[in-house]
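Since the model is a prediction, treat every value here as computed from it, not as a measurement. Whatever order the structure lists ligands and atoms in, that order sets their numbers, starting from 1.
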Amino acid sequence: MAAALIDGAALARRLNDELKVKVEALAVSGVVPRLGVILVGDDPASHTYVRSKSRAARSVGIDSVEHRLDSSISEAELLALVDQLNHDPDTDGILIQLPLPRQIDVTKVLRAVHPAKDVDGFHPTNVGERVTGAGGIIPCTPMGAMFLIETVRSNIEGLDAVVIGMSNIVGKPMADLLLSAGCTVTVAHIKTVGLPAICKRADIVVVAVGKPRLVRAEWIKPGAIVIDVGINRIVTSDGEKRLVGDVAFEEAAVVAGAITPVPGGVGPMTIACLLLNTFQAALGRRGAELRAG
Ligand code: GUN
């Protein structure tokens, strides 16, 4: 492998260690940040993610309270829980694990979260503020991906970036963050015609489509920074269960300049950024109280 390995697990550990010190300092004033996590249904991947998020939160001293709801829950019941957490003075951040069951209007539920507690950065107020440069909470996965890119190259102004994927969670905010950092950004997706050639133009490629090993070595410009957001559970031809990304890692690593692995790349950084957002939300909400003494 010619590429440098971008070690997301190591960077996440460092950020978590630094955050733990800050959380401990805040605890002296009697404030323990609290994250309320809402998990609906029994999607195994969502359960795994939520378990990892809660464990990581507790490891840095952030309180994580899980609310597990049956997949048959009504939209009104879910909205009532969001309202309760919005008004709970001890809850600083609210995370609603996606996807949600079909009967629930995701847009409506995400819009119901108080923007100051929206640690995922999905509320239209936060999206609007971010896009217009007015602040706003930044979604965790794109924020983590930007941290990883920065470890390779601190100034990315003028570079060609291609984002493959157009979700509200990753693709769109990722493109916006790269644009704000001065890149020339192309947003492509699974239906884009001529995807390999478009990808090959990129100095920075971020892939978030959920297609195992979609991006091949010949799609990558030599020396490019490759950020793989995909987490796909596959069964190999010899029956082995594996996690793979959206990039064919072994062959892509021969061509790329730097590349994230799966697992151990973007995943741990998403969680580290969630904890950062939760801490910031706690400071933002309770800072005034603390200053008043
Ligand atoms: N499902 C997949 N990724 C995410 C995420 O970043 N936040 C939430 N809330 N749900 C997700």
Query raised in the report: Would you call H87 and H114 a side-chain contact if the rule is heavy atoms closer than 4.5 Å?
Result: no

Report summary line: Which of N232, V229, I231 passes side chain to side chain contact (heavy atoms under 4.5 Å, CB included) with D246? Answer is N232

**Report entry** Close N or O approach (I96, ligand 1; < 3.5 Å)
**Finding:** yes

Query raised in the report: Taking heavy atoms and a distance under 4.0 Å, where does L274 meet ligand 1: side chain, backbone, both or neither?
Result: neither

Query raised in the report: What residue and heavy atom of the protein are closest to atom 11 (C) of ligand 1, and at what distance?
Result: Q97 NE2, 3.5 Å

Query raised in the report: Which heavy-atom pair separates G121 from V127 by the least distance, and what is that distance?
Result: O-CG2, 3.9 Å

Query raised in the report: Should we count NZ of K211 as having more than 12 external heavy atoms under 6.0 Å?
Result: no

**Report entry** Closest to atom 3 (N) of ligand 1 (judged by heavy-atom distance), picking from I169, D120, L39, V37
**Finding:** I169

Query raised in the report: What is the closest protein heavy atom to atom 10 (N) of ligand 1, and at what distance does it sit?
Result: L98 N, 3.0 Å

Query raised in the report: Would a 4.5 Å heavy-atom cut-off, applied to side chains only, mark I149 and L178 as touching?
Result: yes

